[in-house]
Amino acid sequence: MAAANPAILLVDDQPANLLSLKEILRDPELDLVTARSGGEALKLILKQDFAVVLLDVNMPDMDGFETAKLIRARDRSKHLPIIFLTAMYTDDLSAARGYSLGAVDYLFKPYVPEILKSKVAVFVDLYNKTEEIRRQSILMREMEQREYETRLTEQRQRLEAQAMLMREEHRISRAILEHAPIGIARLDKSHTVLEINEEFARLFKKEREWLLRKDLFAAIPCLQEDNIIQALEQQQPFFTEGMKVHTETNQLDDKAGRYFDLALWPIEGRDMRMNGAVLLVVDVTERTRLSQQRDDFVATLAHDLQTPVIASDRALELLQETLQEKLSPEQLKLVSMLRDNNRTLLNMIQSLLEIYRYEAGAQPLYFDEVDLQVVVETCVRDLHPIAEKHGIEMRLEVPASTHKVVADPVAVRRVVVNLLDNAIKYTPRGGRIDIIAQNMDGKVSLQITDTGIGISSDALPRLFNRYWHRSDRNLGDRSHKQSCGLGLYLCKQIVDAHSGRIWCESQPGRGSSFTIEFPCAARSLPAVSPVAFLPAVISIADPPDGPIVISPAESEEDIRCQTKTSSA
Ligand code: ADP
């Protein structure tokens with residue numbers, strides 16, 4: 001829509017004057033509005049905007065000054081330009097009065113058309129520019145408003161999309177939570193159950209609604225384990241595998257007890273502070289029982305195999321001794337080979353049995369104050385002939401400082417012999433094995449470093465796993481024929497049972513370094529664990545030339561003696 005023409009208000013009580021003004025100012029781009037009195041002019045000004053008012057000073061009811069005063073008094077027109085028209089001679093005083101009432105100019109009758117037109121043109125121009133600025137600012141405001149609305153709409157759409165996504169994610173998480181075959185519970189710091197899924201209630205044979213808002217440990221006493229309570233109260237993560245739930249507290253009508261994998265980790269509350277935890281429980285009873293059955297089977301098998309192997313070794317030994325003269329060198333070599341194989345088999349069987357006992361917590365450990373130096377020296381002396389046979393140098397370095405640890409000497413010997421035996425197996429002829437004992441920071445350590453084939457970095461993390469071994473034929477028969485991956489696993493079990501540490505550093509092609517570390521003997525001796533099985537006879541993989549005494553154990557005393565004999 002085109003903007004309206006600027007309007008000019010002409011106020012005079014004389015129609016002839018108005019006519020002449022209109023005639024002079026006639027312009028198709030101007031809107032000339034006339035009023036015959038001050039009152040009429042004021043009414044028009046109330047309804048419409050004008051670029052300028054030409055106001056006759058001398059009018060009968062309300063003169064020009066009076067009218068101007070009222071024009072200025074109104075908000076809408078207080079800035080309206082006023083040009084006074086007068087026929088009278090105007091002295092400085094009345095001019096000053098006119099200006100004080102807001103006049104911007106005076107025009108004297110008779111008018112000079114050019115002057116009149118040019119004075120009016122100034123105000124028309126001003127009005128047009130002001131209007132233009134006003135229009136522009138309205139346009140700008142409209143544009144800003146439109147932009148703001150667009151941004152607002154986009155923002156709303158984004159928020160709606162996010163909310164929808166969150167609702168969807170929430171729905172999926174709830175569905176997972178609901179249908180997962182894992183018991184899930186959310187607890188607050190004081191053990192109150194805030195949320196649980198169906199599986200959790202099912203695992204503990206409880207009603208879901210009944211469990212809500214109850215103290216977890218009061219509602220399910222079989223979970224009342226110190227380390228779980230402590231982890232929850234201290235807001236620490238906690239994880240345990242195959243936790244046995246004791247029959248007297250499990251209330252699950254399951255006399256044999258049940259086994260759970262359990263994980264607990266702290267979560268943040270709305271105030272971003274840790275104030276609760278999520279507890280996950282998986283029933284692993286079937287898996288644990290199967291694994292126990294398998295272990296029991298392997299242990300029984302190993303145990304039953306022991307007697308015939310020992311018997312066969314005795315028979316071969318007898319054969320070796322009594323028929324020495326009658327057998328040909330080939331036959332004697334064959335018998336010797338059979339005895340070697342028997343020993344390997346027996347070693348494996350005994351490792352398996354020992355591992356089984358450690359895992360079942362049934363391996364008796366006879367703690368005593370043990371001088372590690374003495375144990376190590378004995379082992380080195382025993383294995384020295386084998387090392388020599390394979391062209392490997394062995395160096396023992398034990399500083400004078402005390403190396404006493406609280407340990408089971410037989411078990412520690414088992415570890416040292418295993419490590420030395422491996423070092424010999426995996427070090428080629430011409431290599432070296434360094435054995436260094438140290439006493440530092442309340443710990444006694446023993447480091448066995450070889451210059452052998454080494455272990456690759458990807459194998460290192462699995463080195464102490466059960467059954468992990470490498471079929472490496474680099475060293476011919478020596479390296480792989482007796483490997484079944486039980487030795488290091490057993491070492492770890494023994495070291496763990498002593499609250500010690502074992503680790504390995506290695507560089508393929510350059511050698512390996514195994515370290516065991518035990519706390520110093522400052523602490524009091526732990527109680528002797530109950531005897532559940534008779535300990536196995538210690539044997540070494542590749543014996544020195546003299547015969548190793550292998551005989552079935554009759555008593556623990558017997559075993560100790562045999563061990564001593566075999567290692568002497
Ligand atoms: P095993 O009882 O059958 O000898 P271990 O558990 O003692 O088995 O050793 C497992 C594997 O670790 C071996 O097969 C071998 O590959 C590697 N290993 C152990 N000790 C050394 C060593 N000193 N140097 C190189 N490899 C070694």
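Quick caveat: nothing in here was measured; it's all calculated off a predicted structure. Atoms within a ligand are numbered from 1 in the order they appear, just like the ligands themselves.
At a heavy-atom distance under 4.0 Å, atoms from both the backbone and the side chain of Trp468 approach ligand 1. By the criterion of a heavy-atom distance under 4.0 Å, the side chain of Leu463, and not its backbone, is placed next to ligand 1. Counting heavy atoms under 4.0 Å from ligand 1, residue Asp421 does not touch it at all.
Checking Asp496 against Tyr358 by side-chain atom types alone, no donor-acceptor pair falls below 3.5 Å. Defined by atom type and a distance below 3.5 Å, a donor-acceptor pair is present between the side-chain atoms of Asn342 and Ser312. In summary, the side chains of Glu354 and Gln350 do not present any donor paired with an acceptor at a separation below 3.5 Å, with no hydrogens or angles considered.
Between the CG atom of Leu177 and the CD1 atom of Ile184 there is a distance of 4.5 Å, given to the nearest 0.5 Å.
Annotation: cation-pi geometry satisfied between Arg501 and Trp503 (NZ/CZ under 6.0 angstrom from ring centroid, within 45° of ring axis).
Heavy-atom contacts of Lys425 reach the following atoms of ligand 1: 4 (O) (cutoff under 4.0 Å). The atoms of ligand 1 that sit less than 4.0 Å from any heavy atom of Gly454 are 25 (C). The ligand atoms of ligand 1 that sit less than 4.0 angstrom from a heavy atom of Gly485 are 1 (P), 3 (O), 6 (O), 8 (O). Against a heavy-atom cut-off of under 4.0 Å, Ser512 is close to the following atoms of ligand 1: 24 (N), 25 (C). Contact atoms of ligand 1 toward Leu488: 5 (P), 6 (O), 7 (O), 9 (O), 12 (O), 19 (C) (distance under 4.0 Å to a heavy atom of the residue).
Judged by distance alone, with hydrogens and angles left aside, the side-chain atoms of Asn197 form no donor-acceptor pair with the main-chain N or O of Gly183 at under 3.5 Å.
Considering both main-chain and side-chain atoms, Tyr489 never comes within under 3.5 Å of ligand 1 through any nitrogen or oxygen pair. No N or O atom of His469 sits closer than 3.5 Å to an N or O atom of ligand 1. Every N/O-N/O distance between Phe514 and ligand 1 stays at or above 3.5 Å.
Aromatic ring centroids of Phe260 and Phe204 lie under 6.0 Å apart.
For the ligand labelled ligand 1, residue Ile455 lies inside the 4.0 Å heavy-atom shell.
With sequence neighbours excluded, the residues satisfying ring-ring contact (aromatic ring centres under 6.0 Å, His included) with His191 are Phe217.
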